[in-house]
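Note sheet for the following structure.
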Amino acid sequence: MEKGVISLAARRKREIHTAAILFLLPVAVLMAIYIFYPIIDTFITSFYKWNGISADKSMVGFRNWAKLIADQNFWTAFKNNIIVMVLSICIQIPIGLALATLIDFGGKRMTIFKVLWFIPLLMSSVAIGFLFTYALATNGGIFSAISQLFGGGNIDLLGNPNTALFTVIGVIAWQFTPFYMVYCMAAYSNISTDVYEAAIIDGANKGQYFRKIAFPLLTPSLKSAAILSMVGSLKYFDLVYVMTNGGPGTSTELMATYMYKQSFVKFNMGYGSAVAGGMFILITVVSLLTMKLLNRDRGKE
């Protein structure tokens with residue numbers, strides 16, 4: 001009898017493993033083709049001098065990587081990425097949380113604002129880039145028109161190296177803040193209404209409920225949102241490329257735009273692959289450090 005039970009349990013275990021393999025195999029194949037192979041091939045290509053078109057490749061060893069380490073333009077792009085990352089987290093998540101809180105506290109009467117505030121996320125990044133390029137133009141742009149209304153001159157936000165990056169960050173925040181609004185709304189939905197009702201019965205107002213109860217319960221979701229914002233900020237490309245093409249100078253150059261220019265504008269595919277490889281390594285390191293920092297308290301528990 002016991003042998004029959006053990007045999008049946010072993011059979012069920014084999015069936016579960018077989019089913020798991022069958023379901024995971026297509027995903028594993030797709031990941032191998034579209035994720036792991038391109039990463040490996042990028043690192044291999046970084047050891048060659050190649051224009052990306054001809055069949056001739058010449059092995060240069062670590063020359064591209066040595067050039068990358070000494071390339072000030074790349075490190076400027078990395079610094080700009082870090083600025084974008086920090087400001088994106090500091091702008092998008094707090095505003096997204098504030099909007100989600102207004103909607104959650106406002107009830108059904110705030111439903112219309114869910115739609116209105118979500119619209120920027122529905123638009124293409126390229127379309128938004130073109131839209132704000134004209135909206136922020138030196139001649140006829142919104143800020144220049146307002147300035148002229150009060151007797152001032154034209155304002156060139158995208159053409160000024162001191163303001164271009166922060167202007168682009170503002171546009172990025174305008175587009176992606178609705179994502180974090182929805183993310184925080186989902187986190188709010190996980191808080192039981194009984195918790196809110198109990199707090200109100202105990203005499204807490206909405207501000208106290210948010211500070212003492214809701215915000216601590218939302219903290220794990222906010223940490224996850226910070227990681228998503230960080231990873232996304234380190235690989236921005238389309239909106240920045242459309243609005244400024246990395247200029248003026250290198251003031252808005254990001255690692256992704258720099259890699260694109262090296263690979264597909266200058267046709268230096270070997271060095272462009274080295275830039276992509278360096279970008280992959282830096283993003284991985286920053287992501288791991290950030291996750292370790294954010295999950296530090298959880299490890300103590």
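None of these values were measured; they are calculated from a predicted model.
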Considering all heavy atoms, the nearest D71-W75 contact: O-CD1, 3.0 Å
Any donor-acceptor pair under 3.5 Å from T257 side chain to E253 backbone: no
Residue pair H17 / K13, side-chain heavy-atom distance below 4.5 Å: yes
Y241, OH: over 12 other non-hydrogen atoms inside 6.0 angstrom: yes
Approximate separation, where rounding is to 0.5 Å, of S233 OG and L87 CG: 9.5 Å
Closest heavy-atom pair and its distance - L97, C184: CA-SG, 3.8 Å
W50 (side chain) donor-acceptor with S54 (main chain) under 3.5 angstrom: yes
L217 and Y188: CA distance, side-chain angles, deciding distance, side-chain contact (heavy atoms from CB on, under 4.5 Å) verdict: CA-CA 9 Å; L217 294 174; Y188 264 117; over 6 Å; no
Heavy-atom closest contact (G246 atom, K261 atom, distance): CA-NZ, 4.0 Å
4.5 Å side-chain heavy-atom contact, M279 and K235: yes
Side chain S263, main chain M269, donor-acceptor under 3.5 Å: no
For G272 against Q262, the heavy-atom pair lying closest together: CA-CB, 4.0 Å
Heavy-atom donor-acceptor pair, T244 side chain to V240 backbone, under 3.5 Å: yes
Pairwise side-chain hydrogen bond (donor to acceptor under 3.5 Å, both in side chains) hits with a residue in residues 164-186, at least two apart: S125-Q175
Nearest-0.5 Å distance that lies between atom SG in C90 and atom CD1 in I169: 10.5 Å
Joint cluster assignment, F237 & I82, ILVMFWY side-chain distance < 4.5 Å: no
Point-to-point distance, once rounded to the nearest 0.5 Å, from CD of Q92 to CD1 of I172: 7.5 Å
Same cluster (ILVMFWY, side-chain, under 4.5 Å), I44 and W65: yes
Joint cluster assignment, I119 & F130, ILVMFWY side-chain distance < 4.5 Å: no
Polar side chain donor-acceptor pair, T101 to D104, under 3.5 angstrom: no
M230 and V286: CA distance, side-chain angles, deciding distance, side-chain contact (heavy atoms from CB on, under 4.5 Å) verdict: CA-CA 9 Å; M230 177 205 64; V286 173; 3.9 Å; yes
Polar side chain donor-acceptor pair, Y236 to N81, under 3.5 angstrom: no
Contact summary for A187 and S221, nearest pair of heavy atoms: CB-OG, 3.5 Å
Min side-chain heavy-atom separation I128-L239 under 4.5 Å: yes
Over 12 foreign heavy atoms within 6.0 Å of NZ, K114: no
Nearest-0.5 Å distance that lies between atom OG1 in T18 and atom CD in E15: 7.5 Å
Stepwise side-chain contact (heavy atoms from CB on, under 4.5 Å) test for F47 and N64: CA-CA 7 Å; F47 294 103; N64 286 327; over 6 Å; no
Passing candidate, side chain to side chain contact (heavy atoms under 4.5 Å, CB included) with V84, options L165, I89, T252: L165
Parallel, tilted or perpendicular: ring planes of F105 versus Y209, cut at 30 and 60 degrees: tilted
ILVMFWY cluster, V115 and I103 together (side-chain gap under 4.5 Å): no
Neighbour count above 12 (heavy atom, 6.0 Å) for I281 CD1: yes
Any W117 side-chain heavy atom under 4.5 Å of P178 side chain: no
Plane angle bin for F74 and Y258 - parallel if under 30°, tilted between 30 and 60°, otherwise perpendicular: tilted
ILVMFWY network linking V265 to L68, side-chain heavy atoms under 4.5 angstrom: no
Any donor-acceptor pair under 3.5 Å from D202 side chain to A204 backbone: no
Q148 vs N154, side chain to side chain donor-acceptor pair (under 3.5 Å): CA-CA, chis, key distance, verdict: CA-CA 7 Å; Q148 291 173 0; N154 289 335; 2.4 Å; yes
Check: N51 side chain, I53 main-chain N or O, donor-acceptor pair, under 3.5 Å: yes
Heavy-atom pair of closest approach, residues S251 and N80: O-ND2, 3.4 Å
F210 CZ: over 12 foreign heavy atoms closer than 6.0 Å: yes
Rounded distance [0.5 Å steps], CD1 in I155 versus OG1 in T163: 9.5 Å
Interatomic distance, N162 atom CG to D156 atom CG [nearest 0.5 angstrom]: 11.5 Å
Let me have the donor-acceptor pairs involving side chains of residues 33-43, under 3.5 Å, with sequence neighbours excluded, atom names and distances please.
from	atom 1	to	atom 2	distance (Å)
T42	OG1	P38	O	2.7

Trace of the side-chain contact (heavy atoms from CB on, under 4.5 Å) decision for I227 with K223: CA-CA 6 Å; I227 293 173; K223 289 181 179 180; 5.7 Å; no
Side-chain (S229) to main-chain (A226) donor-acceptor, under 3.5 angstrom: no
Short side-chain donor-acceptor distance under 3.5 Å, Y271 and S46: no
